[in-house]
Amino acid sequence: TFVSYEERRDWNLWHPDDFRVDYQFMLDKLVNILENNPHDKDYKVFIGTVPLVTIIPLLKRTGRKHTLKVQEWCVTKSNPSREEDLLDAPHDIEYIYSDYYTYYPFADTFDPNNDQHVSLSLQDVLYIDNCIRQYNRIIQELVMEANKKLKEQPNGKARLYIVDTASHLNNIAIKRQGRDPYYRYPKYVRNAYPPISTHYYDVSKQGQIKAGGFFSLDGVHPTAIGHGIIAYDFLKVMKEAGVERVNPENIDWKEVYDSDSLYRKPIVLLNELRESVEFAKLILKIGSMNFFSDDRDEILS
């Protein structure tokens with residue numbers, strides 16, 4: 001039984017079994033539409049995995065840090081169509097976690113023993129992340145099954161490709177890797193100054209970016225530069241899949257950086273705004289609201 005969109009708004013974490021049903025329904029619809037397109041059957045579909053919500057800078061770590069081993073199913077083949085294309089067992093990977101996570105604007109005054117602000121415990125965060133890891137395993141399994149069925153058709157080919165967005169963002173995230181992320185940025189991004197990071201956006205009184213640059217002011221959605229890096233990872237898989245005239249090295253990074261107003265014109269008043277409780281509430285409301293809701297314009301006015 002499918003739950004309506006309105007009913008879903010009462011929930012913010014979906015059980016993996018329900019995720020499987022929903023994703024299977026969506027994937028079946030997608031493949032059916034593409035397979036019955038009379039104009040083009042030589043299609044390729046590129047599917048991202050789900051990033052871990054707990055890497056976003058809106059959630060600030062507090063308390064003791066812990067280096068924990070977690071089980072992660074990494075994508076071993078972007079175009080799986082056989083059982084051996086999937087890992088039978090997850091890898092043990094070490095990530096950094098903390099005792100508590102709270103909203104960034106309230107982190108400096110957070111007291112786990114006496115606090116009115118919303119917070120997540122280490123147990124909460126691990127549970128959420130592990131649910132999302134299961135979502136990503138499900139995506140791999142369903143893409144493999146769909147590709148297998150497509151190959152079994154006359155002159156069939158595996159058409160679906162996975163871009164492991166979750167692993168890429170884990171390797172970028174300061175929260176997961178500490179101050180030495182594994183991710184290899186494109187040359188232009190590595191050499192650009194000031195450098196970007198996944199910290200919350202911060203600007204000095206002199207108007208220089210002190211931290212951040214990957215995520216926008218809401219601490220959830222990527223900036224233009226962040227979107228460029230995600231596109232870079234998609235283009236790498238598209239090139240691997242043989243898509244014509246695609247080369248991730250041809251991204252015009254200067255244009256990407258010039259289009260990013262947060263990077264090009266840092267908000268000097270940001271520190272003063274942060275001290276405003278009303279501003280903090282606004283950031284949280286924008287970060288959590290549905291951008292298609294009727295109150296969007298009222299909130300942003």
Taking all non-hydrogen atoms of both residues into account, name the closest pair between [X] and [Y] and its distance.
X: Ile209; Y: Pro266; result: CG1-CG, 3.8 Å
X: Pro186; Y: Trp253; result: CG-CZ2, 3.6 Å
X: Lys236; Y: Pro248; result: CG-CG, 3.7 Å
X: Thr223; Y: Gly213; result: OG1-O, 2.7 Å
X: Lys151; Y: Ala158; result: CG-N, 3.4 Å
X: Val268; Y: Lys205; result: CG1-O, 3.5 Å

Hey, is the main chain of [Y] close enough, under 3.5 Å, to the side chain of [X] for a donor-acceptor pair?
X: Thr54; Y: Val125; result: no
X: Ser167; Y: Asp164; result: no
X: Arg190; Y: Tyr185; result: yes
X: Asn147; Y: Leu160; result: yes
X: Ser78; Y: Val237; result: no
X: Ser119; Y: Thr102; result: no
X: Gln140; Y: Trp73; result: yes
X: Ser98; Y: Tyr100; result: no
X: Asp124; Y: Ser121; result: yes
X: Asn136; Y: Val50; result: yes

Regarding [X] and [Y], do their side chains bring together a donor and an acceptor under 3.5 Å, going by distance alone?
X: Asp129; Y: Tyr95; result: no
X: Asn130; Y: Arg133; result: yes
X: Tyr161; Y: Glu240; result: no
X: His221; Y: Asp218; result: yes
X: Asp28; Y: Gln24; result: yes

Is [Y] reachable from [X] through a run of I, L, V, M, F, W or Y residues, each pair having side-chain heavy atoms under 4.5 Å apart?
X: Val70; Y: Ile174; value: no
X: Leu87; Y: Ile162; value: no
X: Met144; Y: Val31; value: no

Are there over 12 heavy-atom neighbours, none belonging to [X], within less than 6.0 Å of that residue's [atom1]?
X: Glu84; atom1: CD; result: yes
X: Asn191; atom1: CG; result: yes
X: Gln153; atom1: CD; result: yes
X: Lys77; atom1: NZ; result: yes

Quick one, [X] and [Y] - any side-chain contact, counting heavy atoms below 4.5 Å?
X: Ile132; Y: Val53; answer: yes
X: Ile230; Y: Val163; answer: no
X: Tyr135; Y: Pro16; answer: yes
X: Val256; Y: Val189; answer: no
X: Leu122; Y: His66; answer: yes
X: Leu13; Y: Ile128; answer: yes
X: Ile251; Y: Tyr232; answer: yes
X: Asn36; Y: Asn32; answer: yes

Measuring from atom [atom1] of [X] to atom [atom2] of [Y], what distance do you get when rounded to the nearest 0.5 angstrom?
X: Leu52; Y: Asn170; atom1: CG; atom2: CG; result: 4.5 Å
X: Cys74; Y: Leu86; atom1: SG; atom2: CG; result: 12.5 Å
X: Ile225; Y: Arg264; atom1: CD1; atom2: CZ; result: 10.5 Å
X: Asn171; Y: Thr198; atom1: CG; atom2: OG1; result: 11.5 Å
X: Glu145; Y: Leu150; atom1: CD; atom2: CG; result: 12.0 Å
X: Ile139; Y: Thr49; atom1: CD1; atom2: OG1; result: 6.5 Å

Tyr182 six-ring centre to Arg176 NZ/CZ under 6.0 Å and within 45° of normal: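 Cation-pi check for Arg176 and Tyr182: fails.
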Test: Arg61 cationic atom under 6.0 Å from Tyr101 six-membered ring centre, within 45° of axis: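 No, a cation-pi geometry is absent between Arg61 and Tyr101.
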Ion pair check, Asp99 and Arg64, cut-off under 4.0 Å: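 Counted as a salt bridge, because a side-chain N and a carboxylate O are separated by less than 4.0 Å.
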Pair Arg20 + Glu141, salt bridge at N-O below 4.0 Å: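 The answer is yes: the pair qualifies as a salt bridge.
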side-chain contact (heavy atoms from CB on, under 4.5 Å) evaluation trace for Lys210 with Val203: CA-CA 5 Å; Lys210 293 168 57 180; Val203 179; 5.9 Å; no
From CA spacing to verdict: side-chain contact (heavy atoms from CB on, under 4.5 Å), Leu68, Ile96: CA-CA 6 Å; Leu68 304 176; Ile96 298 172; over 6 Å; no
Check against side-chain contact (heavy atoms from CB on, under 4.5 Å), Ile138 and Leu142: CA-CA 6 Å; Ile138 289 167; Leu142 296 185; 3.8 Å; yes
Stepwise ring-ring contact (aromatic ring centres under 6.0 Å, His included) test for Tyr257 and Tyr263: CA-CA 7 Å; Tyr257 270 67; Tyr263 189 89; 4.9 Å; yes
Sub-6.0 Å ring centroid separation between Phe46 and Phe234: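 Not close enough - the centres of the two rings lie 6.0 Å or further apart.
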Parallel, tilted or perpendicular: rings of Phe19 and Tyr23 (30°, 60°):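 Ring orientation of Tyr23 relative to Phe19: parallel.
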From CA spacing to verdict: side-chain contact (heavy atoms from CB on, under 4.5 Å), Phe215, His199: CA-CA 8 Å; Phe215 288 98; His199 285 110; over 6 Å; no
